[in-house]
Structures are given as C-alpha cells and as structure tokens.
Amino acid sequence: MSTTAEDVRTFALSLPETSEQFQWGMPTFRVAGKLFLTLPEEESSMAVRCPIAERDELVLAEPDKFWIAAHEAGNAWVRVRLAALDDREELETIVRDSWQQAAPRNLVE
C-alpha cells in the first residue's frame, strides 16, 4: 500500500470533533482543541501521540517505519513514514490510537 497524506487527512477528519489547522509550516490535526497528529516532512510522514515506552519499542522493532525526531525525544510522540505502512488498517489504527490519547473521555467511550 502506498499511503498518502490525503489518506491520513481523510481518516483523521472522519473522527469526531477533529479539525485541521496549518501551524508550524505543516498541517496539524486536533480533537476538541488538543493536538494529536501532524504531517511534517513535506507530508511524507506523520507525527502521532504514543506513550514513550511503547514508542521506544516500536522504533526498535521497526526502525524503517518509526523514528523519533530529536526535538520530540522527551515527549510522547513518534514519527511514522507513510510509505512504510502495511495497509489502510494499520494507518487507521495508528491515527485512532493517537486521537484517543488526546480526545475527551466522553468522545472515546
């Protein structure tokens, strides 16, 4: 599968109370005002929320797919190369997980 930024955008915007803004020179996505996804690197990757312990495991297991930007090393974010995603289901799982970490509880339930 060749995942594009448009695939990310379409799915992210389908999630409840999600909006897109342009900030820091890139598209950013928020749920109820809280940031959960960005499309940096000319929209060839996405940055998503991910607990640090899980993030570190992902990077070790699949370094061609996941990496940590230097300025995000101390934060619960991971970068994902769009071209390395296996399929649409993997894309949706990653985006939904990030959305759930930022969304108010009443939206998640």
Side-chain angles (χ1 to χ4, degrees):
M1 173 186 175
S2 182
T3 303
T4 67
E6 196 54 40
D7 297 328
V8 174
R9 181 176 281 109
T10 299
F11 183 70
L13 291 173
S14 76
L15 297 169
E17 293 191 37
T18 296
S19 63
E20 180 179 3
Q21 300 174 8
F22 196 79
Q23 192 172 15
W24 309 301
M26 72 186 107
T28 64
F29 297 83
R30 299 170 189 280
V31 55
K34 286 186 73 177
L35 185 66
F36 74 93
L37 186 146
T38 66
L39 286 169
E41 284 85 41
E42 298 180 0
E43 299 186 19
S44 64
S45 70
M46 62 180 170
V48 293
R49 290 176 175 257
C50 184
I52 291 176
E54 290 176 30
R55 173 196 74 180
D56 293 346
E57 289 176 17
L58 287 172
V59 171
L60 286 173
E62 296 184 82
D64 292 337
K65 187 180 294 185
F66 300 101
W67 87 98
I68 303 165
H71 69 280
E72 295 168 344
N75 299 313
W77 286 84
V78 69
R79 299 286 176 103
V80 185
R81 290 176 181 85
L82 298 182
L85 291 172
D86 295 332
D87 53 29
R88 177 121 181 138
E89 183 179 338
E90 183 178 33
L91 164 69
E92 291 178 4
T93 298
I94 291 168
V95 172
R96 187 178 297 107
D97 285 350
S98 184
W99 178 88
Q100 289 175 332
Q101 290 177 58
R105 291 281 167 237
N106 65 317
L107 287 181
V108 175
E109 297 168 352

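Residue indices begin at 1 and follow the sequence shown. Worth knowing before you read on, the calculation uses all heavy atoms, side chains too, and leaves out hydrogens, waters and symmetry mates.
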Criterion side chain to side chain contact (heavy atoms under 4.5 Å, CB included) on Q23 and T38, from CA distance to verdict
CA-CA 9 Å; Q23 192 172 15; T38 66; over 6 Å; no
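- Of all non-hydrogen atoms in A102 and F36, the two that sit nearest each other are CB-CB, 3.7 Å.
- Using a 4.0 Å cut-off between charged side-chain N and carboxylate O, E72 and R55 make no salt bridge.
- Between atom CZ of residue F11 and atom OG1 of residue T93 there is a gap of 8.0 Å, rounded to the nearest 0.5 Å.
- Cluster membership check: L58 shares its hydrophobic cluster with L82, using side-chain heavy-atom separations under 4.5 Å among Ile, Leu, Val, Met, Phe, Trp and Tyr.
- Residue R105 holds its CZ atom at 9.0 Å from CD of Q100, rounded to the nearest 0.5 Å.
- In plain terms, the two heavy atoms of Q101 and C50 that are nearest each other are OE1-N, 3.7 Å.
- When hydrophobic clusters are built by joining Ile, Leu, Val, Met, Phe, Trp and Tyr residues whose side-chain heavy atoms come closer than 4.5 Å, directly or via intermediates, I52 is not grouped with I68.
- When hydrophobic clusters are built by joining Ile, Leu, Val, Met, Phe, Trp and Tyr residues whose side-chain heavy atoms come closer than 4.5 Å, directly or via intermediates, W24 is not grouped with F29.
- In terms of modelled atom types and a separation under 3.5 Å, the side chain of R49 and the main chain of L35 share a donor-acceptor contact.
- The side-chain contact (heavy atoms from CB on, under 4.5 Å) with W99 is formed by just one residue from the set V48, V108, L37; it is V108.
- Remark: L91 CG to T3 OG1 distance equals 5.5 Å, nearest 0.5 Å.
- Annotation: salt bridge (charged side-chain N to carboxylate O under 4.0 Å, His left out) contacts involving residues 11-38, sequence neighbours excluded, comprise R9-E20.
- Of the possible polar contacts, none joining the D97 side chain to the I94 backbone as a donor-acceptor pair under 3.5 Å is found.
- If you check the side chains of D7 and T4, you find a donor sitting under 3.5 Å from an acceptor.
- Linking ILVMFWY side-chain heavy atoms closer than 4.5 Å, directly or via other members, places V78 and W67 in two distinct hydrophobic clusters.
- Taken to the nearest 0.5 Å, the CG atom of L15 stands 8.5 Å off from the CD atom of E92.
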Which donor-acceptor pairs under 3.5 Å do the side chains of residues 39-46 make with protein atoms, sequence neighbours left out?
| from | atom 1 | to | atom 2 | distance (Å) |
| --- | --- | --- | --- | --- |
| E41 | OE1 | S45 | OG | 2.5 |
| E41 | OE1 | R79 | NH1 | 2.9 |
| E41 | OE2 | R79 | NH1 | 2.7 |
| S44 | OG | E41 | O | 2.7 |

